[in-house]
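Protein chains get the first letters and strands the later ones, always in sequence-line order, with residue 1 at the start of each.
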Amino acid sequence: MGSIANAFSSSIGKKLIMGLTGLFLISFLLVHCFLNCFVFFDKTGVLFNEGAHFMATNWIIRAMEVVLMLGLLLHIIQGARLTFENQAARPVKYAYNDGNANSKWYSRSMGLLGTLLLMFLVVHLSDFWIVSRFTGIEHFNGNTPVDAAGHEDLYAVMFAKFSEPWRVIVYVLAMFSLAYHLLHGFASTFQTMGWNHKKYTPIIKSLGVAFSIIIPLLFALMPIAIYFGWGL
Amino acid sequence: MSTGNMNLTLKVWRQKNTKDKGKMVDYKVADISPDMSFLEMFDVLNEDLITKGDDPIVFDHDCREGICGMCSMFINGRPHGPKDAVTTCQLHMRSFKDGDTIVVEPWRAKAFPVIKDLTVDRSAFDRVIAAGGFISVNTGNAQDANNLPIPKAQADAAFEAAACIGCGACVATCKNASAMLFVSAKISQLALLPQGQPERYKRVQNMVAQMDAEGFGNCTNTGACEAECPKGISLENIARMNRDYYSAKFISEEEG
Ligand code: HEM
Ligand code: SF4
Ligand code: FES
């Protein structure tokens, strides 16, 4: 047997971890975005809260949440390691390097885009995840808001949070980072896993571009629509 | 594109030896013919320096016909200069304009230390090859051609990978100084042919291990290598190497 143990410490193994965790995060984004789109379809917020309630109570989802957090952590640690190792591989920089001649700026800036995403995640998780899972929303406005169906009203929390312009701006900017991170990352992970094919790679690339635009756009529309009161 | 002769300003990296800190030095060259190659322009400059009693600029070159891969120069921010799919020796001065300033640096990578001026030590590549980039056969008479039938598509892909001249442009341009394109070409040219099969999974493990040990960076799929490679080596080779590597580590019977 080739040794699995030392496979992950090699350059290709490290990339495989990056790719697999990245793909896992992409699948999470899909679910997260789908559920959040309930805000666009129900003014009362009952539908949205039901989704949130399901995510907070279903044990399969809760278990996946642990996996998700570990996956994210692995992605971040490995990403930081890759970035530092790669900088060390060129100790003396070029005086003149025309990177744009042969690659996209966002492909060369995955560490920076990831760091911006991490900063956003700190804000985002403390806005909603910490509130709904740990501290509870009863501290909100001095009472525990519940919606018409009796679920805790995360929908109302969201409206309160997105009444602040700075938060709307931070969220929208973060979605630009996400879009560019994915614009490289989506197709990249398939190359990392060894899937490069004359017929399928162009399809994967187009899918990646569509995903990288649609998902962040939908996410960005949520705070924008709430802030400007577009039909919500 | 110029037709008349040109006067140019060169900013060239000068470094006495591996330990020296090195610096950029400005030179003027006059009356350069647009039909000269970039290396011939350097020859003119060096003649000039020697006449003046200065130390000529040391740069690597050998075949001057685009096949040996020696002529490593990072010109105006790109390996082998502004043209796609050429080496420095095949780059002509007509690609520049009268009055241009041209910046010339050596390949920059921890695994390619500067020996002097524009010459770097690329023996890291040799050690990667020595770690497995060969096939073991008993010597004797050459076999008949076509003794081993090889499908045309397979033979073509192997030949395309074998076009790699080991120039190091991929490493030089990669933001991570990764050698994945080179190593994957050297692995693919054998992995695609029947003669390469017996050592296929051992080879990929050993060559990747040596590549890592040499201090090249980790690939992040920016694609810069493929865009700058003078021989058009494709990223498909990297994907193939990754596949072979996973097979070797997770499935194969062979230890690296
Ligand atoms: C929802 C969040 C995120 C998603 C969906 C995501 C997705 C991805 C994907 C698909 C890749 C490509 C993997 C490959 O090429 O094989 C990747 C790479 C990377 N990510 Fe993330 N990522 C996320 C968050 C982060 C965060 C928070 C960081 C923070 C440090 C980060 C840093 C990186 C780095 C450094 C790379 C490596 C660049 C490369 O290999 O090309 N990512 N990410
Ligand atoms: S892959 Fe291309 S750029 Fe890299 S060493 Fe071979 S010929 Fe040069
Ligand atoms: S000198 Fe041989 S390839 Fe340029």
**Prompt:** What part of B:Ala209 gets closer than 4.5 Å to chain A, counting heavy atoms only: side chain, backbone, both or neither?
**Reply:** neither
**Item:** Atom pair NE2 (A:His197) and CD (B:Glu236), whose distance is rounded to the nearest 0.5 Å
**Value:** 9.0 Å
**Item:** Within residues 95-111 of chain A, residues adjacent to chain B where the heavy-atom gap is under 4.5 Å
**Value:** A:Ala95, A:Tyr96, A:Asn97, A:Asp98, A:Ala101, A:Asn102, A:Ser103, A:Ser107, A:Arg108
**Fill in**
Taking a cut-off of under 4.5 angstrom between non-hydrogen atoms, the residues of residues 124-132 of chain B near chain A are none
**Request:** Mind ranking B:Val208, B:Asp244, B:Leu235, B:Asp84 by heavy-atom pairs under 4.5 Å with chain A and telling me who comes out on top?
**Result:** B:Leu235
**Fill in**
Most heavy-atom pairs under 4.5 Å with chain A, out of B:Gly215, B:Cys174, B:Gly223, belong to B:Cys174
**Item:** Backbone N/O of B:Glu105 and side chain of A:Tyr94: donor-acceptor pair under 3.5 Å
**Value:** no
**Complete:** In short, A:Gln191 meets B:Ala239 closest at the heavy-atom pair NE2-N, 3.6 Å
**Prompt:** Cut-off 3.5 Å, side chains only: do A:Ser10 and B:Asp212 have a donor facing an acceptor?
**Reply:** no
**Prompt:** Is there a side-chain contact between B:Thr220 and A:Met18, using heavy atoms and a 4.5 Å cut-off?
**Reply:** no
**Complete:** Turns out that what part of B:Val171 lies under 4.5 Å from chain A's heavy atoms comes down to backbone
**Complete:** Ordered numerically, the heavy-atom neighbours of chain B under 4.5 Å found in residues 167-190 of chain A are A:His184, A:Ser188
**Request:** Could you look at B:Pro106 and say if it's the side chain, the backbone, both or neither that has a heavy atom under 4.5 Å from chain A?
**Result:** backbone
**Message:** Would you say NZ of A:Lys205 has more than 12 non-hydrogen atoms from neighbouring residues, nucleotides or ligands within 6.0 angstrom?
**Reply:** no
**Fill in**
Under a 4.5 Å heavy-atom criterion, the part of residues 81-93 of chain A in contact with chain B comprises A:Leu82, A:Glu85, A:Asn86, A:Ala88, A:Ala89, A:Arg90, A:Pro91, A:Val92, A:Lys93
**Item:** Heavy atoms from other residues, nucleotides or ligands near CH2 of A:Trp59 exceed 12 (cutoff 6.0 Å)
**Value:** no
**Non-hydrogen atoms of B:Phe250 and A:Leu16 that approach each other most closely** = CE1-CD2, 4.0 Å
**Prompt:** For chain A, which of B:Ala172, B:Cys225, B:Ser178, B:Ala227 has the most heavy-atom pairs under 4.5 Å?
**Reply:** B:Ala172
**Structural part of B:Tyr246 lying under 4.5 Å from a heavy atom of chain A** = side chain
